[in-house]
2 protein chains.
Amino acid sequence: MDSLRQFTHRLRRRDRRITGPRQAILETLRAQEHPLAIRQIHDALHEPCDLATVYRAMHMLEDMGMVKRFDFGDGTARFELIAEGDDGHHHHLICRNCATVVEIEECFSKKLEQRIANQNGFTALTHKLEFFGLCPTCQ
Amino acid sequence: MDSLRQFTHRLRRRDRRITGPRQAILETLRAQEHPLAIRQIHDALHEPCDLATVYRAMHMLEDMGMVKRFDFGDGTARFELIAEGDDGHHHHLICRNCATVVEIEECFSKKLEQRIANQNGFTALTHKLEFFGLCPTCQ
DNA sequence: TCCTTTTTGCAAATAATTTGCAACTACTAA
DNA sequence: TTAGTAGTTGCAAATTATTTGCAAAAAGGA
Ligand SMILES: [Mn+2]
Ligand SMILES: [Mn+2]
Ligand SMILES: [Zn+2]
Ligand SMILES: [Zn+2]
């Protein structure tokens with residue numbers, strides 16, 4: 001996925017600018033397969049920029065649907081680059097001890113969510129789901 | 001559920017004290033069926049105490065297994081009183097617009113969690129799951 | 001009632017995230 | 001190429017949730 005080119009296009013269309021920090025952040029995200037915290041992204045940048053700039057960039061990327069925000073329950077947002085056209089919905093398995101992360105593609109059946117929506121008269125359901133456990137090393 | 005008496009017993013056993021703030025917090029939690037944020041608990045107390053006291057009390061109650069902490073993804077912890085012996089594991093359906101909360105007892109099959117554990121060599125799995133949608137009023 | 005240990009209130013410290021603002025820069029229209 | 005304009009950035013200060021140090025106050029047992 002050439003997200004850099006794709007990114008450029010999307011930005012231009014929205015009257016946004018392609019700047020050094022933004023490209024660097026994208027490169028950093030591309031190099032990772034797991035969600036990264038803002039601090040981690042910031043620390044990984046070769047040509048550093050202000051932390052606030054990273055925060056602002058992540059909001060922008062999220063609004064553009066290029067990154068997905070995840071919440072592991074530790075009070076720190078984490079972001080993962082998502083493929084073009086994908087909504088990025090998936091889950092993780094996190095070691096309670098060493099914080100190792102495993103990407104999980106599986107999810108429970110759509111029926112459960114549908115039933116919950118119907119039974120309560122809600123629409124447009126989504127969900128947040130993360131698994132926790134002890135990894136092989138930490139058991 | 002007479003959580004006050006139960007509470008008293010458990011505290012005594014642990015060399016902890018039964019104080020006004022603690023009883024008041026328990027009473028407040030008992031009056032609610034949905035998770036309450038610390039601020040909400042604090043504001044609901046008839047005889048007010050310091051916010052820090054509420055934070056400390058919630059940690060204690062959590063350690064004692066009397067309340068369960070929930071995370072709706074808005075950066076604010078919420079707590080719900082749980083029945084004796086129960087681990088309090090359950091989920092919620094939250095309106096993205098007005099924040100109405102519905103208690104959800106259903107959960108996906110144990111098999112899915114088991115499979116995820118096995119496939120990755122993890123043990124002691126748990127999960128956090130919350131549903132979001134638009135309530136009848138907000139659609 | 002007295003003593004010891006636990007709690008509390010208060011203020012200050014943390015930590016993640018946001019925001020105001022002036023200086024700066026990417027694009028673009030000429 | 002060169003302004004001109006709108007979008008960006010750095011920096012410092014503000015916000016928000018939560019934690020913590022500490023001395024004064026309260027609880028429970030002897
Ligand atoms: Mn992922
Ligand atoms: Mn609940
Ligand atoms: Zn581990
Ligand atoms: Zn609603």
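Quick note on labels: first sequence line is chain A, next is B, and so on, each numbered from 1.
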- Task: Kindly assign one of parallel, tilted or perpendicular to the pair His91(A) and His89(A), based on the angle between their ring planes and the thresholds 30° and 60°.
- Result: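 Answer is perpendicular, since the angle exceeds 60°.
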
- May I ask you to decide if the ring planes of His127(B) and Phe108(B) are parallel, tilted or perpendicular, using 30° and 60° as cut-offs?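 Tilted.
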
- Along DNA chain D (nearest heavy atom to each residue), the more 5'-positioned of Ile38(B) and Arg17(B):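 Final value for this comparison: Ile38(B).
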
- Message: With nearest nucleotide decided by heavy atoms, which residue, Ala77(B) or Ile18(B), maps closer to the 5′ end of DNA chain D?
- Response: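 Counting from the 5' end, the first nearest nucleotide belongs to Ala77(B).
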
Atom [atom1] of [X] and atom [atom2] of [N]: how far apart are they, to the nearest Å?
X        : N       : atom1 : atom2 : answer
Arg16(B) : dT8(C)  : CZ    : P     : 11 Å
Gln23(A) : dC27(C) : CD    : C1'   : 14 Å
His42(B) : dA17(D) : NE2   : P     : 13 Å
Phe79(A) : dT17(C) : CZ    : C1'   : 10 Å
Arg22(A) : dC24(C) : CZ    : C1'   : 14 Å
Asp43(B) : dA17(D) : CG    : C1'   : 14 Å
Ile41(A) : dA16(C) : CD1   : P     : 14 Å
Leu11(A) : dT28(C) : CG    : P     : 12 Å

- Thr19(A) side chain N/O closer than 4.0 Å to the phosphate oxygens (OP1, OP2) of dT9(D)?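 It does, given that an N or O in the side chain of Thr19(A) lies less than 4.0 Å from OP1 or OP2 of dT9(D).
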
- Closest nucleotide among dT9(D), dA16(C), dT25(C) to the Arg39(A) side chain: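 The answer is dA16(C).
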
- Message: Based on the rotation axes of five pairs at each end, what angle does the helix from dT1(C)-dA30(D) to dA30(C)-dT1(D) bend through, to 10°?
- Response: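 It works out to 30° between the end axes.
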
- Message: We want to know whether Glu27(B) and His46(B) form a side-chain donor-acceptor pair, criterion being a heavy-atom distance below 3.5 angstrom.
- Response: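 Distance-only check fails for Glu27(B) and His46(B).
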
Which heavy-atom pair separates [X] from [Y] by the least distance, and what is that distance?
X        : Y        : value
Glu80(B) : His92(B) : OE1-NE2, 3.1 Å
Ile94(A) : Ala99(A) : CG2-CA, 4.2 Å
Gly73(A) : Asp71(B) : CA-OD2, 3.6 Å

- Item | Neighbours of DNA chain C within residues 46-61 of chain A, by heavy-atom distance under 4.0 Å |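 Output list: Ala52(A), Tyr55(A), Arg56(A), His59(A).
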
- Using a strict cut-off of less than 4.0 Å between a Lys/Arg side-chain nitrogen and an Asp/Glu carboxylate oxygen, indicate whether Glu130(A) and Lys128(B) qualify as a salt bridge.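 Looking at Glu130(A) and Lys128(B), the cut-off is not met.
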
- Task: Report whether Ile38(B) and Leu45(B) are members of the same hydrophobic cluster (ILVMFWY, side-chain heavy atoms less than 4.5 Å apart, transitive linking).
- Result: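 Same hydrophobic cluster.
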
- Message: Between Met66(A) and Gln6(A), does the side-chain contact (heavy atoms from CB on, under 4.5 Å) criterion hold? Intermediate values first, please.
- Response: CA-CA 10 Å; Met66(A) 296 195 61; Gln6(A) 172 204 348; 4.2 Å; yes

